[in-house]
Amino acid sequence: MSLLRLLLPLIALSLLSNGAIADSREAKAWQLIEQGALVIDVRTTEEYAQAHLKSSVHIPYPEIVARFSQMEIRKDLPIVLYCRSGNRSGIAYKMLSQAGYTALHNGGGLNDLLQAAPR
């Protein structure tokens, strides 16, 4: 077995523990937001009422495809999705992708996004 094959899992673990991989997701989200992407919070109404990104639109993830259709959102419009941890926004991402939306980004969790916000 090559040395590289032995080291790859250690490198990946190091990146994950240092936040390098997660940071890139949030950094990409902020880049898209600053370029005018539509920002969608897919959490519950109660969660959204407690805190949310100022520029976000609230659409709970189970309603995402129907609401996008009702709102006639272009399928190539840049969209950043987020939730509490990135799980529900990941589900919404898959649902929208299957519905033909092509410029999607899972921004992850609200707290991580807030911590990565440009100053």
Nearest heavy-atom contact between Met95 and Tyr61 is CE-O, 3.5 Å
CZ on Arg43 to CZ on Arg88, rounded to 0.5 Å
7.5 Å
Taking Leu114 as the starting point, is it possible to reach Leu32 by hopping between hydrophobic residues whose side chains are less than 4.5 Å apart?
yes
Indicate if Val57 and Tyr82 have the same hydrophobic cluster label, given that clusters are the connected sets of ILVMFWY residues with side-chain heavy-atom separations under 4.5 angstrom.
no
Does Ser85 offer a backbone N or O that forms a donor-acceptor pair with the side chain of Asp112 under 3.5 Å?
no
With distance as the sole test, does Glu47 use its side chain to make a donor-acceptor pair with the main-chain N or O of Thr44 at under 3.5 Å?
yes
Cys83 versus Leu110: any side-chain heavy-atom pair under 4.5 Å?
no
Same cluster (ILVMFWY, side-chain, under 4.5 Å), Ile73 and Leu53
no
Is it the case that one hydrophobic cluster holds both Leu77 and Ile64, taking links as side-chain heavy atoms less than 4.5 Å apart, direct or via other members?
yes
Heavy-atom nearest pair, Ser89 first then Gly108, reads OG-O, 3.8 Å
What's the separation between atom CG in Leu81 and atom CG in Leu38, rounded to the nearest 0.5 Å?
8.5 Å
Hey, what do you get for CG (Leu104) to CD1 (Ile79), rounding to the nearest 0.5 Å?
5.5 Å
Got a second to check how far Tyr93's OH is from Ile40's CD1, nearest 0.5 Å?
15.0 Å
Atom pair CZ/CG of Arg25 and Leu113 - distance to nearest 0.5 Å:
8.0 Å
Evaluate the criterion side chain to side chain donor-acceptor pair (under 3.5 Å) for residue pair Thr102 and Asp76; output intermediate values, then yes/no.
CA-CA 5 Å; Thr102 59; Asp76 64 344; over 6 Å; no
Could you tell me the separation between the CZ atom of Phe68 and the CG atom of Leu96, rounded to the nearest 0.5 Å?
5.0 Å
Report yes or no: do Met71 and Val39 belong to one cluster of Ile/Leu/Val/Met/Phe/Trp/Tyr joined by side chain heavy-atom distances under 4.5 Å?
no
Check against side chain to side chain contact (heavy atoms under 4.5 Å, CB included), His105 and Lys28
CA-CA 8 Å; His105 179 72; Lys28 176 68 173 174; 3.5 Å; yes
Any non-hydrogen side-chain atom of Glu34 less than 4.5 Å from a side-chain atom of Pro118?
yes
